[in-house]
Amino acid sequence: MARIGVVSISDGRDHVHARNADFIQSKQDSLVRSLRAAGHDVVVGDDLVATNVLATSVSRKVAAADVDVTVFCYSVWAFPHFTMLAADATRSPLVLVASTDPTEPGLVGMLAAGGALDQIGRRHTRAWGAPDDAELVEKIGVHAKAAAAVRSLHGSTFGRFGGRPMGMNTAVANTDQWMRKFGIDVEEIDQYELVLRAEKADAAEAKKAREWIEQHAAGVHYDGKKLTPELLERQIRSYLAIRDIIAERNLDFSGIKAQPELTENFATMDVTEAFLNDPYDWNGPKEPHVCATEADMDGALTMQLFKAVAGTPVLFADVRHYHGDRDIWDLCNSGQHATWYAARSDDPAENLAKVNFYPEVFFFPAGGASVQHIAAPGQMTLGRLTREDGEYRLQLMLGEFERYDDATNQKLMDQSTPEWPHAFARLDAPGELFLSKFGANHIHAVPGDHRAALRAVADQLNVRLDEWTRG
């Protein structure tokens with residue numbers, strides 16, 4: 001949950017404020033109780049704002065508590081310039097909340113304050129209702145969650161292993177724009193560093209991991225050429241190497257180019273990327289580390305935001321094929337479908353029981369294992385940050401992952417690349433619109449409906465929202 005600051009704004013006339021103070025305090029107390037009951041950490045202003053001095057001092061103290069979002073409460077008519085001063089004292093996103101108790105003009109106070117903020121271009125969100133209204137508390141929580149996700153980007157570092165993959169322009173972003181807009185630094189790391197580290201990685205640890213995979217996976221299909229125990233251990237040692245680099249360089253998320261240098265001369269990074277994104281490995285639970293295949297920068301950025309909002313691993317895939325007869329998309333690529341998506345279970349054994357490790361296909365002469373499964377069914381939020389004429393936009397939609405009987409699953413997989421992971425997705429967006437407008441070949445997904453929080457993320461980042469539905 002998020003840390004939320006709460007400041008109540010009042011009337012600047014002494015005699016009016018004295019009359020209203022208990023009423024304002026009761027509304028504030030009720031809202032604070034409701035937010036805390038929802039699990040949020042709430043920082044309350046140490047006084048009601050009834051003077052210009054208090055507007056600044058109270059808000060500065062709340063801001064000093066490092067809140068994700070600041071709520072300005074309007075239970076009565078409130079002098080708008082107090083809001084202007086209070087807003088200037090905090091840099092966090094603002095939510096203006098009006099009490100709908102008709103005995104006092106709280107709505108009037110919020111509208112006057114909101115209009116003043118509009119005039120100076122200070123972005124904010126407005127909400128209204130009774131302070132114990134569950135919908136109001138949820139709306140504030142959504143904006144607080146979005147604010148925490150946006151804040152988590154600032155001061156973070158993206159580790160970019162390799163450069164642009166196979167001429168893929170959409171995988172490369174402007175590092176100056178990333179710092180200016182998102183507060184993200186980019187650490188450039190040569191893939192040779194990964195190769196050197198992998199060769200020196202702990203062989204005993206790699207053997208332990210290989211045996212764990214062999215024990216729990218649906219199958220490890222060695223063919224003596226493209227997939228051998230030695231090649232699988234090389235992939236595992238690559239995972240160990242990149243984890244060391246992540247720790248040494250304090251990387252918050254990353255991407256690996258792989259193609260063509262590693263995939264033709266060393267090994268594919270599928271196993272490495274899958275387990276980086278997983279919430280576990282052979283040593284037990286761990287924090288998922290977002291790692292995008294093909295060093296896709298905007299893909300990794302989307303995944304990092306989705307992870308912060310949803311709190312789960314994030315799926316990365318190519319938009320491989322549209323089965324028009326079924327209205328189903330095959331989201332499939334060689335790379336890091338985290339094994340967690342096979343069953344979305346807290347138990348790694350339950351997920352791995354649905355995962356096969358197949359020899360890599362002709363694209364990748366160096367060989368290694370692909371991490372193959374069909375993503376578990378359920379409602380999903382899908383989308384991606386893309387750029388149009390240099391400006392970011394969030395392309396967003398709801399969907400459903402589906403899984404069929406074995407024969408149907410196999411038939412659908414055989415039409416593309418059966419050795420790779422698949423997610424069969426029914427999107428809440430017309431196929432013609434999607435293919436005409438989607439701004440990349442990669443798409444990302446998390447379980448559940450997180451569109452409200454992602455809408456708030458787009459608003460707080462001041463990026464255009466392209467939300468697609470069939471309606």
Side-chain angles (χ1 to χ4, degrees), residues 146 149-189 251-259 269 273 276-277 288-310 313-320 331 333 335-338 380-397 429 434-435 437-446 450-451 453-455 457-468:
V150 170
R151 281 189 56 201
S152 72
L153 299 179
H154 287 265
S156 65
T157 301
F158 173 71
R160 185 170 180 248
F161 290 82
R164 186 179 70 175
M166 303 180 296
M168 199 179 298
N169 291 26
T170 55
V172 181
N174 183 316
T175 57
D176 292 339
Q177 187 179 24
W178 265 33
M179 177 54 71
R180 182 175 64 251
K181 192 167 190 66
F182 308 113
I184 300 170
D185 186 39
V186 177
E187 179 82 7
E188 299 284 354
I189 306 163
L251 306 180
D252 296 282
F253 61 125
S254 60
I256 307 173
K257 177 189 178 187
Q259 300 190 70
M269 292 294 106
E273 293 166 347
L276 283 170
N277 283 281
H289 175 89
V290 163
C291 181
T293 196
E294 294 167 333
D296 183 347
M297 294 178 68
D298 284 342
L301 175 59
T302 304
M303 294 169 71
Q304 191 74 345
L305 278 171
F306 277 24
K307 176 191 167 188
V309 166
V314 186
L315 185 130
F316 177 116
D318 274 336
V319 183
R320 175 61 182 270
L331 308 182
N333 77 322
Q336 47 60 255
H337 277 226
M380 307 293 292
T381 302
L382 302 101
R384 179 183 167 94
L385 283 164
T386 63
R387 283 164 285 144
E388 184 176 43
D389 196 21
E391 297 298 323
Y392 274 94
R393 59 189 177 180
L394 175 60
Q395 297 184 298
L396 182 66
M397 69 211 76
F434 182 93
L435 289 171
K437 297 295 184 181
F438 196 66
N441 51 305
H442 295 154
I443 193 168
H444 316 284
V446 284
H450 298 281
R451 290 175 299 171
L454 289 166
R455 290 180 196 119
V457 164
D459 181 66
Q460 291 173 23
L461 288 173
N462 193 23
V463 304
R464 191 177 95 207
L465 177 66
D466 287 352
E467 185 171 347
W468 298 338

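- Here the side chains of Leu305 and Leu394 are not in contact, with every heavy-atom distance at 4.5 Å or above.
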Side chain to side chain contact (heavy atoms under 4.5 Å, CB included) evaluation trace for Gln259 with Met168: CA-CA 11 Å; Gln259 300 190 70; Met168 199 179 298; over 6 Å; no
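- When all heavy atoms are compared, the tightest approach of Gly163 to Ala295 is O-CB, 4.1 Å.
- Residues Lys307 and Pro288 come closest through the heavy atom pair NZ-O, 2.6 Å.
- Taking the six-membered ring for Trp and the full ring otherwise, Phe182 and Phe158 have centroids separated by 6.0 Å or more.
- Taking all atoms of both residues into account, the shortest heavy-atom contact from Trp178 to Ala173 is NE1-CB, 3.4 Å.
- Contact of the Phe316 side chain with the Asn277 side chain is not registered, since no non-hydrogen atoms from C-beta on lie closer than 4.5 Å.
- For the pair Asn174 and Asp176, the tightest heavy-atom approach, listed with the atom from each and the gap, is OD1-N, 2.8 Å.
- For Arg151, the salt bridge (charged side-chain N to carboxylate O under 4.0 Å, His left out) partners at least two apart in sequence or on another chain are Asp66, Asp68.
- At a threshold of 4.5 Å between non-hydrogen side-chain atoms, the residues Arg384 and Asp296 count as touching.
- Using a 4.5 Å heavy-atom cutoff, the side chains of Leu454 and Val309 are in contact.
- Atoms CE and OG1, from Met397 and Thr381 in turn, are 10.5 Å apart once rounded to the nearest 0.5 Å.
- Proximity of Glu391 to Arg464: side-chain heavy atoms (C-beta onward) are nowhere separated by under 4.5 Å.
- At least one donor-acceptor pair under 3.5 Å links the side chain of Gln395 to the backbone N or O of Gly439.
- The main-chain N or O of Arg320 is never found under 3.5 Å from a side-chain atom of Asp318 such that the two would form a donor-acceptor pair.
- For the pair Asn441 and Asn333, the minimum side-chain heavy-atom distance is 4.5 Å or more.
- Here the CD atom belonging to Glu187 is positioned 12.0 Å from the CZ atom belonging to Arg160, to the nearest 0.5 angstrom.
- Using a 4.5 Å heavy-atom threshold, the side chains of Phe161 and Met269 count as separate.
- Interatomic distance, OH of Tyr392 versus NZ of Lys181, reported as 9.5 Å (0.5 Å rounding).
- Atoms CH2 and CG, from Trp468 and Leu382 in turn, are 11.5 Å apart once rounded to the nearest 0.5 Å.
- A distance-only check finds no donor-acceptor pair linking the side chain of Thr175 to the backbone of Val186 [under 3.5 Å].
- Interatomic distance, Gln304 CD to Leu153 CG, rounded to the nearest 0.5 Å: 6.5 Å.
- Residue Thr386 comes nearest to Arg393 through the heavy atom pair OG1-NE, 2.6 Å, listed as atom of the first residue, atom of the second, then distance.
- The backbone N or O of Leu385 lies less than 3.5 Å from a partner atom in the side chain of Thr302, making a donor-acceptor pair.
- Using a 4.0 Å cut-off between charged side-chain N and carboxylate O, Lys437 and Asp466 make no salt bridge.
- One finds the CD atom of Gln177 at 10.0 Å from the CE atom of Met297 (value rounded to the nearest 0.5 Å).
- Contact detail for Ala310 and His450: the closest heavy-atom pair is CB-NE2, 3.6 Å.
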